[in-house]
Amino acid sequence: MSERRKPYPFDQIEPKWQTIWDEGRAFHAPNPGEQNFDPKKPKYYILDMFPYPSGAGLHVGHPEGYTATDIIARYKRMCGFNVLHPMGWDAFGLPAEQYAIKTGQHPAVTTRDNIGKFKTQLKRIGFSYDWEREISTADPRFYRWTQWIFLQIYNSWVNPQTKKAEPISTYRGDDPDSVRLAYVAEVPVNWCPDLGTVLANEEVIDGKSEVGGFPVVRRPMRQWMLRITAYADRLADELKDLDWPEGIKLLQRNWIGRSGGAEIEFKIENYDELIRVFTTRPDTIYGANYMVLAPEHPLVDRLTSADKRAEVAKYREQITAKSDLERTDLAKEKTGAFIGAYAINPVNDQKIPIWIADYVLMGYGTGAIMGVPGHDERDLEFARKFELEIIPVVQVPGKTPDESIGCLDDGTAINSPLINGLPTSEAKKKIVAWLEEKGQGRADVRFKLRDWLFSRQRYWGEPFPVVWENGKHHSLGESELPLVPPELEDYKPTGTGEPPLAKAKDWVRYSENATRETNTMPQWAGSCWYYLRFCDPANASRFVGEEEERYWMGGPQAGGVDLYVGGTEHAVLHLLYARFWHKVLFDLGYLSKPEPFQRLVNQGMILGEDNRKMSKRWGNVIDPLDVITEYGADALRCYEMFMGPLEQMKPWSMKGVEGVSRFLARVWRLLMEENQAGEWELSPRVQDAAAEKSQQKILHATIKKVTEDIESLSFNTAISQMMVFVNAFTNAPVIPVSVMRTFLVVLSPFAPHLAAELWEKLGQNFQHSLGEINAQTWPEFDPAPLVEDEVEIILQVNGKVRDRVRAPINAPNEELERIALANPRVQEFIAGKTVRKIIAVPNKLVNVVAN
RNA sequence: GCCGCUGUGGCGAAAUGGCAGACGCAACGGACUUAAAAUCCGUUGGGCUUAAAAGGCCCGUGCCGGUUCGAGUCCGGCCAGCGGCACCA
């Protein structure tokens, strides 16, 4: 077995250039004020979603997005931009902690090792990161500022007048703790016994933990919450200013779940209490002939009549016994119980029975609804089950009143004296105005979004900069940051919900009568603002320098990062949380833009060769390092870009890698050939000669296509075009050095090592003083060589191609028509028919319509 | 159930409403070679016509319909796969 000969010496070229770039600080982006900073250059901030450095190392999904951004970063530098292209580590997280539980190795050690591994691997792919800006969220120099931002959130409230965050000192009420953006609440939370921690709603999928798939149960606990709901409206609305995929915007909008409607107050017969309901269809109020409260609704106890008590208690017991999953199971039948009390419908003073039913959720709206069986599917189902009257109050176009039952569409109000005949939108307005005048209702907006459960019972996360004294919390001073977690012997969760930090008794004791908060922040905390730290990673006195922030995060757009690339899995979690923090900091005057990420692109997942998701289970995992060893980093980069559109899901193919590797080897052999001794030297075909017209043409066609394709992130077709270019030169007896220089510049963002090496070889043989390839400017496309005197014209008869002929460029339509009609093939097909019409498209085609 | 995305050769894919299948893979044939690998050249959607080739004709972008001189592309209605949400009033 002899080792297969390398198609070209990438194994020598690639480490060589990586060292040169590293030592020459080739990709360092100077900050304002720094040496070599050129204020005339526009900035371009291009960001990858930074990885969690797992023990498994890189998988092929990482280099996909990273290569795309690297191509753009290299391209933008050559276009004269000051490019910020950083990389760092989302280093707090559960796996390191669970590894610590198993082995006793401190998570900081595990994390440091994993980061080292990741960094080595990333460097072997030749990414042009500014490694001087590397950050880790688990580094006290970083999380000091994560804790500092928490303090800003803690010490703020949203002023309902301005709808913006302000310092808590501007709050005039007597209980500031009730309005803080960070607050403590005893809430039903998602408790995961196997992980020993609570989880955010977003981290629970089908009743199981997103990480590990362990069962999650509802349980009330005292937790830290962030008041993200105060930003719900802006988080939904300001999406419109962003260049994000519409699908992702929709996902966020649906998650935020804004619905406009009205809150309506119903009086209760024989009681002073009121029941408030929320509805999106106040116009259907005449059809409201019963009312439903959530079983947990606080008024249930008070309103239940003596004779119904036993029944109601029994029903509520059944409900509590159910898991969340069972309760939300759509397929099941409606259940409920009449509580023996009546409400008064404000529009007609009718007495309507009050029920409880588990299809009404305490957590949404007011936890109470008016039952409109005529025009709500769920109410209809409920009314049928319990034999309540069903009244149509909206007539849907094209249907009779009775047919309109069960229909949720807009229509015309009927059986509704105040609004009869009005279309739905006007009926809504009129009813709301009428209720408002009576003091029994008002327009209202509700959201599905809940406040963000922000505390975790974990060791490996940021401790809260908070202490407790006499049952009240207050914040640490900024000078007490960073607050470093204590060393622990035992990282295990306590199982009771008490965090592992509570075991460090000395650490917990803050003073005579104050103790530290022992929860830690969730993993999302660091990623909520890491992109800001990249602007000024070493700043010891501020989370980011003002001037640096203005420069990199500024500009004419809504958001500061010019392009953000990462997976769809973060569509609602990370991207929503980061936008929220950003807006708070923006409101407080720390940032120049209201949004963090102007343009977002999601790369598609790479599947295994068997078209399944890559996993150990299927044995279809591809290790990028194996690919690099066999084909080189340039081949890995180009293959991942050549596979298909960036945003699409696509399967891996080793044969495909080989194909791309062959392309790169052909580029190499265009300029190099092997001598008798088996050494590579410059091919004698490469000469300082003028390019032929056809060569100019293909070169400029390639410049044009590659430039446009990089701009539109269509890397697969850019590479196709470069293949076409290389194919065209494969057998050329003379290869003009000027053409090749330009081509290498165009190739260099994709295959930077190969391009740099060949560029150097050309420099050595044709003495130029152009410097290194990375310092070149991106070539301009010249349309002149592409202009021809003649073009091919397609001749069609009745839309079918019958012939193609050459015609002078810009020939007038009359001439094209003449050519078409004179063409023998066309004549053949119109013989015996009448020509009805001739359509001529200049420089393209003629279509003769005949029958 | 609702919302979104995607359906094109044996495979990955390409195509501002204007030549469907660029480019790559695989396959087949050829050149070079003692031979193989590598490399280079060529063929390659299906069917019909033909002794064969050349040439020609017909069909073909998930299915059905529409708009248009012309539809993979636009519109309407289905089907399938993937993803998200799921009693949100």
Side-chain angles (χ1 to χ4, degrees), chain A residues 2 4-5 7 205-206 245-255 257-259 261 277-281 284 292 294 327-332 334 357-361 363-372 375-379 381-382 408 446-450 568-569 571-572 604-605 609 611 638-639 642-645 647-660 662-663 665-666 669 714 716-727 730-731 792-804 825 828 836-841 844-850:
Chain A
S2 66
R4 206 166 58 83
R5 228 180 129 273
I205 294 162
D206 290 337
E246 283 307 316
I248 300 295
K249 289 191 187 183
L250 204 64
L251 234 49
Q252 287 217 356
R253 283 202 188 97
N254 289 344
W255 189 265
R258 183 186 203 278
S259 15
V277 304
F278 174 71
T279 176
T280 52
R281 293 295 299 270
T284 62
V292 186
R327 218 183 131 165
T328 55
D329 185 1
L330 257 166
K332 79 169 169 60
K334 291 274 178 290
D358 69 345
Y359 82 94
V360 173
L361 310 173
Y364 183 77
T366 58
I369 61 154
M370 57 181 203
V372 184
H375 304 280
D376 181 287
E377 244 178 311
R378 297 149 301 176
D379 297 345
E381 208 185 310
F382 187 80
L408 304 101
R446 295 283 166 156
F447 299 91
K448 279 199 270 184
L449 185 72
R450 293 296 111 82
T568 341
E569 66 272 21
V572 279
M605 207 195 321
E609 301 224 36
N611 253 298
C638 289
Y639 172 65
F642 185 64
M643 290 173 83
E647 300 178 54
Q648 192 172 301
M649 197 188 288
K650 44 213 176 270
W652 187 267
S653 156
M654 255 335 167
K655 287 290 184 188
V657 182
E658 246 170 76
V660 169
R662 273 201 282 269
F663 157 67
R666 275 214 295 278
R669 287 196 314 268
S714 311
N716 54 332
T717 48
I719 292 173
S720 294
Q721 178 63 35
M722 290 190 280
M723 286 173 168
V724 171
F725 174 93
V726 170
N727 291 346
T730 299
N731 289 315
E792 193 176 63
I793 302 291
I794 304 300
L795 302 184
Q796 296 182 335
V797 177
N798 291 334
K800 288 194 175 160
V801 180
R802 295 306 178 186
D803 206 357
R804 46 206 72 177
R825 291 276 301 145
E828 192 182 319
R836 301 284 172 198
K837 200 179 198 179
I838 305 178
I839 286 109
V841 181
K844 261 203 187 124
L845 91 165
V846 183
N847 186 14
V848 180
V849 184

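Owing to the predicted nature of the structure, the values given are computational and were not obtained by experimental measurement.
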Just how far, in rounded Å, is C1' of rG12(B) from CD1 of Ile719(A)? 13 Å

If I pick the C1' atom on rC32(B) and the same atom on rA38(B), what distance separates them, to the nearest angstrom? 11 Å

Has Glu377(A) got more than 12 heavy atoms of other residues, nucleotides or ligands less than 6.0 Å from its CD? no

Of the listed nucleotides (rC57(B), rG18(B), rA89(B)), which one gets closest to any side-chain atom of Ser259(A)? rA89(B)

Just the rounded figure in Å: distance from P of rC23(B) to CG of Asn727(A). 7 Å

Report which part of the nucleic acid Lys837(A) touches: base, sugar-phosphate, or nothing (heavy-atom distance under 4.0 Å, all strands). sugar-phosphate

When the C1' atoms of rG72(B) and rA13(B) are considered, how many whole Å apart are they? 14 Å

d(CZ, Phe663(A); P, rU39(B)) in whole Å: 15 Å

Would you say that Val849(A) contacts Ile839(A) through its side chain, given a criterion of any heavy-atom pair below 4.5 Å between the two side chains? yes

Would you mind classifying the nucleic acid contact of Asn798(A) as base, sugar-phosphate or nothing, using non-hydrogen atoms under 4.0 angstrom? nothing

Output the rounded distance in Å from CD (Glu246(A)) to P (rU6(B)). 13 Å

Base, sugar-phosphate or nothing for Arg836(A)? Non-hydrogen atoms, less than 4.0 Å. nothing

So, OP1 or OP2 of rC23(B): does either fall under 4.0 Å of a side-chain N or O from Asn716(A)? no

Which part of the nucleic acid does Gln721(A) contact within heavy-atom distance under 4.0 Å: base, sugar-phosphate only, or nothing? nothing

Hey, does Val841(A) reach any base, or is it just sugar-phosphate, or nothing, if we go heavy atoms under 4.0 Å? base

Within less than 4.0 Å of OP1 or OP2 of rA13(B), is there a side-chain N or O belonging to Thr717(A)? no

Nearest listed nucleotide, side chain of Phe642(A), among rC19(B), rC87(B), rG24(B): rG24(B)

How many whole angstroms separate atom CD1 of Ile839(A) from atom P of rA71(B)? 12 Å

Rounding to the closest angstrom, what is the interatomic distance between rU61(B) and rG21(B) at atom C1'? 9 Å

Look at Gln648(A) and rA13(B) and indicate whether a side-chain polar atom (N or O) is within less than 4.0 Å of OP1 or OP2. yes

Between C1' on rC85(B) and CZ on Arg258(A), what's the gap in Å once rounded to a whole number? 19 Å

Is any side-chain heavy atom of Ile838(A) closer than 4.5 Å to a side-chain heavy atom of Asn847(A)? no

rC59(B) phosphate, OP1 or OP2: any side-chain N/O from Lys800(A) under 4.0 angstrom? yes

Check whether any side-chain nitrogen or oxygen of Arg666(A) sits under 4.0 Å from OP1 or OP2 of rG24(B), and answer yes or no. yes

To the side chain of Val849(A), which of rC69(B), rC19(B), rC87(B) is closest? rC69(B)

What's the gap between rU43(B) and rC25(B) when it is taken at their P atoms, as a whole Å value? 16 Å

Do the non-hydrogen side-chain atoms of Gln796(A) and Val848(A) ever get within less than 4.5 Å of each other? no

Quick one: is rC3(B) close enough that its OP1 or OP2 comes under 4.0 Å of any side-chain N or O from Arg253(A)? no

Closest to the Val801(A) side chain: rU16(B), rA20(B), rG56(B)? rA20(B)

Measure the distance from CG on Leu361(A) to P on rA86(B) and round it to the nearest whole Å. 11 Å

Remember a base hit wins even if backbone is also touched, and classify Leu845(A) as base, sugar-phosphate or nothing at under 4.0 Å, heavy atoms. base

So Lys655(A), base contact, sugar-phosphate only, or nothing? Heavy-atom distance under 4.0 Å. sugar-phosphate

Could you tell me if the side chain of Glu658(A) sits less than 4.5 Å from the side chain of Tyr639(A), heavy atoms only? no

Do Glu828(A) and Val797(A) have side chains that approach each other closer than 4.5 Å (heavy atoms only, starting at C-beta)? no

Under-4.0 Å salt bridge between Glu381(A) and Lys334(A): yes

Does the side chain of Thr280(A) come within less than 4.5 Å of Arg446(A)'s, by heavy atoms? no

Note: for Arg281(A) and Asn731(A) on RNA chain B, the residue whose nearest nucleotide lies more 5' is Asn731(A)

When all nucleic acid strands are considered with a 4.0 Å heavy-atom cut-off, which category describes Pro645(A): base, sugar-phosphate, or nothing? sugar-phosphate

Is Glu792(A) touching bases, backbone alone, or none of the nucleic acid, heavy atoms closer than 4.0 Å? base

Over all strands shown, is Thr366(A) touching base, sugar-phosphate only, or nothing at heavy-atom distances under 4.0 angstrom? nothing

Whole-Å C1' distance, rC87(B) and rG76(B): 32 Å

Please work out if Arg446(A) contacts a base, only the sugar-phosphate, or nothing of the nucleic acid, heavy-atom cut-off 4.0 Å. nothing

P-based separation of rA36(B) from rC19(B) [nearest Å]: 43 Å

Taking both distances under 3.5 Å as the test for a Watson-Crick or G-U pair, what stems of at least three pairs does RNA chain B have? B:1-7 with B:79-85, B:10-12 with B:23-25, B:27-31 with B:39-43, B:45-49 with B:55-59, B:62-66 with B:74-78

Taking the P atom in each of rU6(B) and rU16(B), what is the distance between them to the nearest angstrom? 15 Å

Rounded distance in Å - CZ (Arg662(A)) to P (rU39(B)): 6 Å

Can you check whether Ile719(A) reaches Met723(A) side chain to side chain, under 4.5 Å on heavy atoms? yes

Sugar-phosphate only, base, or nothing, as touched by Arg802(A) at under 4.0 Å among non-hydrogen atoms: sugar-phosphate

Quick one: label Ser653(A) by what it contacts on the DNA or RNA (base, sugar-phosphate, nothing), any heavy atom closer than 4.0 Å. nothing

Assigned chi class of rG9(B) under the 90° convention is syn

Note: for Thr730(A) and Gly656(A) on RNA chain B, the residue whose nearest nucleotide lies more 5' is Gly656(A)

Ignoring the backbone of Lys844(A), work out which of rU39(B), rU16(B), rC87(B) is nearest its side chain. rU16(B)

I need the minimum non-hydrogen distance between Leu845(A) and Ile793(A), along with the two atoms involved. CA-CG2, 3.8 Å

Name the nucleic acid region contacted by Ile794(A), choosing base, sugar-phosphate or nothing; use a 4.0 angstrom heavy-atom cut-off, strictly under. base

Are any non-hydrogen side-chain atoms of Tyr364(A) and Phe447(A) less than 4.5 angstrom apart? no

Separation of the P atoms in rG56(B) and rU44(B), to the nearest angstrom: 14 Å

